[in-house]
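Residues take their numbers from the sequence shown, with the count starting at 1.
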Amino acid sequence: MAKAIMIQGTMSNSGKSFITAGLCRIFAKAGYKVAPFKSQNMALNSYITKEGLEIGRAQAMQAKACGVEPVSDMNPILLKPTSNVGSQVILNGEVMGNMKAMDYYANKKQLIPAVMAAYERLSKDNDIIVIEGAGSPAEINLKEDDIVNMGMAKMAKAPVLLVGDIDRGGVFASLYGTVKLLDDDEQAMIKGMIINKFRGDVKILEPGLDMIREKVGIPVLGVVPMEFIDIDDEDSLSERLNQTKISSGLDVAVIRLPHISNFTDFSVFERMPGVSLRYVNQSQQLKNPDLIILPGTKNTMDDLAWLRQSGLEGLILRCHENKVPVIGICGGYQMLGQVLEDPFCVEHGGSMRGMGLLNTKTIFEKSKTRTRICGRAAGIEGVFCEISNMPVEGYEIHMGITKNLGGCQPVTLLEDGRTDGLANEDFTVFGSYLHGLFDQVDFTAALLKQLMDEKGICPGKVMDAYEYEQQQYDKLAHLLSSSLDMKKIYEILEKGV
């Protein structure tokens, strides 16, 4: 069975996924067979494995850092919020159903056998498992029957490293408070602390490091400097979503819907020379973009209602009248049509008028489509004509089908004989169900070529997505190796609890 080490944090977005991915990379480059694991994940950024199973995006990212194919055992429970009080529950990669938070927490203990079966399968096939916690272990209202923080650490017999985010302030208070709110046996499982996102001279921190060690009896294993490393986020607190300012270059505006999902679809735009990506969630922010993108969402109908109430729908329609092209991905694609129908109450039932930019109808179904698929762009004329016949690849995660009511043309021709996506006659509006469509950098550069030519922007070369991804994982591994006491971490891993 594999050795295990667990990364917990004092709060959400403290850097657990970041540290977990970095340790995965370090161990893998040292020659070990490594896998990430997170028993329960709450996120709207998800990933489809080769088997067509759905897991959290962070575990897929961490698997790639290990150099292995993501599998559903790495994240047996995924919660995808559908409202402020409920989520779709995905067990072992497949939809279990929608549950209110209170009902889920009342019944989650019954899921422990499935969690441990997944963990044990991974453990048999690997040398090291790097486990990630969720939120904070000190959420005392959730400690009973916990299966993701200290509860998981106990089941896996995994020593714990506790991560605190100094960039938000109060890191010593959060580390001290987290430790002291735990039971004595849980405190004993924490073998080291890590301070993350530090700016400045670490010598200034050294008195504090000594004091926190004395107060809680746990050493600080390192201080990780603040450094931009471009790996996939899954948390709604992601700093990517705070990019709201217009800068030079082609202005690409992504509408930040309340239930936005898989916003990593647009990360490629951030590294394209001559392109400025921003997120818009207020009507006064939209201005006059060169391209508007409606992203995926876990609740299409609610987010379409929000789009209307916020005034953004009217502004988007006005922009399109002024020849601004509009692209919709997944839920954003569904919004572009004439009508959305929900006969099985997949979202909230009934029917709803769409934005009317495409002559389509979407019907929500009981079953979820989950596939990884390749294909080619259809023969296209119009503003996006440069993409004609180019190879495409992506994955589908949706619970609706979208029908052509007449006058629309297909966007992609898939390898299984299906078509994906529809466009209007002049191809100034199109939608697609393919997440990851833009990750093919040649396709995306061709997509933007005519828009950039019209603005006199000369596009630069964009690094291949796989090569760029590997570069970032190595950069992360170097950052952690030079910041943390890796000798001590190997000792903790070997000794266990």
Side-chain angles (χ1 to χ4, degrees), residues 35-64 66-82 87-98 111 114-115 117-119 121-122 125 232 234 261-265 295-298 300 329-334 344 346-347 362-376 391-402 411-421 431-440 465-466 469:
F37 182 82
K38 188 168 186 174
S39 58
Q40 173 194 290
N41 200 348
M42 179 175 281
L44 287 176
N45 262 14
S46 60
Y47 180 90
I48 299 298
T49 68
K50 279 190 172 179
E51 297 75 24
L53 300 174
E54 190 172 2
I55 63 174
R57 186 83 187 185
Q59 280 62 64
M61 175 271 291
Q62 291 158 357
K64 292 176 182 179
C66 297
V68 300
E69 188 66 34
V71 295
S72 64
D73 283 344
M74 296 171 179
N75 177 209
I77 302 172
L78 175 61
L79 306 177
K80 301 187 78 173
T82 55
S87 295
Q88 182 183 75
V89 181
I90 295 169
L91 179 64
N92 291 326
E94 300 194 32
V95 176
M96 181 179 172
N98 288 352
L111 301 179
V115 167
Y119 178 80
R121 285 190 293 268
L122 280 183
D125 292 337
D232 281 351
E234 69 176 0
S261 64
N262 289 72
F263 57 82
T264 48
D265 283 343
T297 165
K298 191 63 193 72
T300 303
I329 299 296
C330 201
Y333 169 31
Q334 295 170 339
F344 304 110
V346 171
E347 294 198 348
T362 293
I363 303 171
F364 293 103
E365 298 179 317
K366 292 180 181 179
S367 60
K368 177 181 278 193
T369 299
R370 304 185 311 264
T371 63
R372 295 196 66 83
I373 196 77
C374 298
R376 301 189 74 81
V392 299
E393 182 179 346
Y395 55 97
E396 298 175 85
I397 320 171
H398 56 94
M399 297 189 75
I401 58 169
T402 298
V411 175
T412 57
L413 310 175
L414 302 178
E415 62 182 358
D416 61 4
R418 292 181 299 136
T419 59
D420 167 70
S432 170
Y433 277 117
L434 291 186
H435 294 288
L437 179 65
F438 304 124
D439 288 346
Q440 289 74 238
Y466 175 80
E469 193 176 68

* Asked: After noting the C-alpha distance and the side-chain angles of Met96 and Ile90, does the key distance pass the side-chain contact (heavy atoms from CB on, under 4.5 Å) rule?
  -> CA-CA 5 Å; Met96 181 179 172; Ile90 295 169; over 6 Å; no

* To do: Measure across Phe37 and Val115 and return the closest heavy-atom pair with its distance rounded to 0.1 Å.
  => CZ-O, 3.9 Å

* To do: Could you tell me whether the side chain of Ser432 reaches within less than 4.5 Å of the side chain of Asp420, counting heavy atoms only?
  => yes

* Which residue, Ile373, Ile397, Leu53, forms the side chain to side chain contact (heavy atoms under 4.5 Å, CB included) with Ile48? -> Ile397

* About how many Å separate CG of Leu413 and SG of Cys374, when rounded to the nearest 0.5 Å? -> 13.5 Å

* Salt-bridge present (Glu51, Arg372; N to O < 4.0 Å) -> no

* **Side-chain heavy-atom pair Cys330, His435 within 4.5 angstrom cut-off** => yes

* Asked: Roughly how far apart are Lys298 NZ and His398 NE2, rounded to 0.5 Å?
  -> 12.5 Å

* Just wondering, do Lys64 and Asp232 contact through their side chains at under 4.5 Å, heavy atoms? -> no

* In Å, rounded to the nearest 0.5 Å, how long is the span from CE of Met399 to OG1 of Thr369? -> 9.0 Å

* **Gln440 to Glu393 - nearest heavy-atom pair and separation** => NE2-O, 3.0 Å

* Asked: Are Asn262 and Pro295 side-chain neighbours, meaning at least one heavy-atom pair lies under 4.5 Å?
  -> no

* Asked: Nearest heavy-atom pair of Lys38 and Asn75: which atoms, and what distance?
  -> O-ND2, 3.0 Å

* Heavy-atom donor-acceptor pair, Asp265 side chain to Gly436 backbone, under 3.5 Å -> yes

* Asked: Could you go step by step and tell me if Glu396 and Arg418 meet the salt bridge (charged side-chain N to carboxylate O under 4.0 Å, His left out) rule?
  -> CA-CA 13 Å; Glu396 298 175 85; Arg418 292 181 299 136; 2.7 Å; yes

* Structure fact -> Value for CZ (Arg57) from CZ (Phe263), rounded to nearest 0.5 Å, stands at 10.0 Å

* To do: Assert yes or no for the condition that the ring centre distance of Tyr395 to Tyr47 is strictly below 6.0 Å.
  => yes

* CA sep, side-chain torsions, deciding dist, call: Asn92, Ser72, side-chain hydrogen bond (donor to acceptor under 3.5 Å, both in side chains) -> CA-CA 6 Å; Asn92 291 326; Ser72 64; 5.4 Å; no

* Asked: So Tyr333 and Tyr433, would you call those rings parallel, tilted or perpendicular, with 30° and 60° as cut-offs?
  -> perpendicular

* Determine the minimum heavy-atom distance between Gln62 and Pro36, stating which atoms define it. => OE1-CB, 3.4 Å

* To do: Taking the side chain as every heavy atom from C-beta outward, state whether Thr419 and Leu414 have any pair of such atoms under 4.5 Å apart.
  => no

* Asked: Quick one: does Ile55's side chain get under 4.5 Å of Leu78's, heavy atoms only?
  -> no

* To do: Measure across Asn41 and Gly56 and return the closest heavy-atom pair with its distance rounded to 0.1 Å.
  => ND2-CA, 3.8 Å

* To do: Give a yes or no answer on whether the side chain of Gln334 reaches the backbone of Thr402 with a donor-acceptor pair at less than 3.5 Å.
  => no

* To do: Quick one: closest heavy-atom pair of Val392 and Arg376, and the distance?
  => CG2-N, 3.8 Å

* Asked: Do Ile401 and Thr362 touch side chain to side chain, with heavy atoms closer than 4.5 Å?
  -> no

* **Any donor-acceptor N or O pair under 3.5 Å, side chains Glu365, Ser367** => no

* Structure fact -> With Glu54 as partner, the option from Arg370, Lys80, Gln88 fulfilling side chain to side chain donor-acceptor pair (under 3.5 Å) is Lys80

* To do: With the side chain counted from C-beta on, respond yes when Leu79 and Val89 share a heavy-atom pair under 4.5 Å apart, and no when they do not.
  => yes

